[in-house]
Amino acid sequence: MTIETDNAKEEVKEIVEKCIKCGLCKSKDAIFKVMREEQFSPRGKAILLNNGVYEKIVFDDTLSKQCEINCPLKIKMHEVIIKARKVLVEEKKDPVENRKMIKNLENTGNVFGIKEEQKMNK
Ligand code: SF4
């Protein structure tokens with residue numbers, strides 16, 4: 001673990017511990033509307049992240065900011081999720097699909113891993 005990941009975790013906690021668990025964010029959240037499980041709601045994510053649980057929840061988010069519209073405390077969950085994703089990437093605990101996407105970006109400049117010469121042949 002690096003100082004950066006420690007700091008990022010502290011920043012995440014500082015934001016999510018302000019959540020008053022009112023649940024007003026849930027009606028606007030696209031992922032919760034589909035999954036219908038508390039762990040996928042912004043409130044559920046805030047509770048889990050406040051307890052140090054990152055895996056399996058932070059990559060299930062569209063970063064749409066819709067959940068922030070109703071939040072009485074204006075908690076910026078999209079910023080929290082981005083910070084939490086960075087922590088998982090640093091700790092190499094991000095999903096395989098994310099690692100593959102990063103490798104594709106490094107190797108080809110796009111998330112699909114399509115090289116320039118392959119694009120020309122299409
Ligand atoms: S609306 Fe804001 S304060 Fe209320 S549960 Fe959602 S994130 Fe927490």
Heavy-atom check, side chain of Glu38 versus side chain of Ser41, under 4.5 Å: yes

Single-linkage hydrophobic cluster Val53~Leu88, side-chain heavy atoms < 4.5 angstrom: yes

Residue Lys74 excluded, over 12 heavy atoms near NZ under 6.0 Å: yes

For Glu37 against Phe32, the heavy-atom pair lying closest together: O-CD1, 3.5 Å

For Cys67 against Met77, the heavy-atom pair lying closest together: SG-CB, 3.9 Å

Tyr54 six-ring face occupied by Lys9 cation (under 6.0 Å, within 45°): yes

For the student: nearest non-hydrogen atoms of Ala84 and Val58, plus distance: CB-CG1, 3.5 Å

Shortest non-hydrogen contact between Asn70 and Ser27, atoms and distance: ND2-OG, 3.5 Å

Heavy-atom closest contact (Thr5 atom, Thr2 atom, distance): OG1-O, 2.9 Å

Pairwise side-chain contact, Asp61 with Lys45, heavy-atom cut-off 4.5 Å (strictly under): yes

Salt bridge flag under 4.0 Å for residues Lys86 and Glu4: no

Joint hydrophobic cluster, Phe59 plus Leu49, side-chain heavy atoms closer than 4.5 Å: yes

Salt-bridge criterion met for Arg85 and Asp94 (N-O under 4.0 Å): no

NZ/NE/NH1/NH2 to OD/OE distance under 4.0 Å, Glu68 and Lys76: no

Lys13, NZ: over 12 other non-hydrogen atoms inside 6.0 angstrom: yes

Side-chain touch Ile20/Pro72, heavy atoms, less than 4.5 angstrom: yes

Lys83 and Ile15, any side-chain heavy atoms less than 4.5 Å apart: yes

Heavy-atom side-chain proximity of Val16 to Ile75 below 4.5 angstrom: no

Value rounded to 0.5 Å, distance of CE in Met35 from NZ in Lys33: 15.5 Å

Single-linkage hydrophobic cluster Leu73~Ile69, side-chain heavy atoms < 4.5 angstrom: no

Single-linkage hydrophobic cluster Val34~Phe40, side-chain heavy atoms < 4.5 angstrom: yes

Hphob cluster co-occupancy, Ile31 + Leu48, side-chain heavy atoms under 4.5 angstrom: no

Taking every non-hydrogen atom, the tightest pair across Arg43 and Cys25: N-SG, 3.7 Å

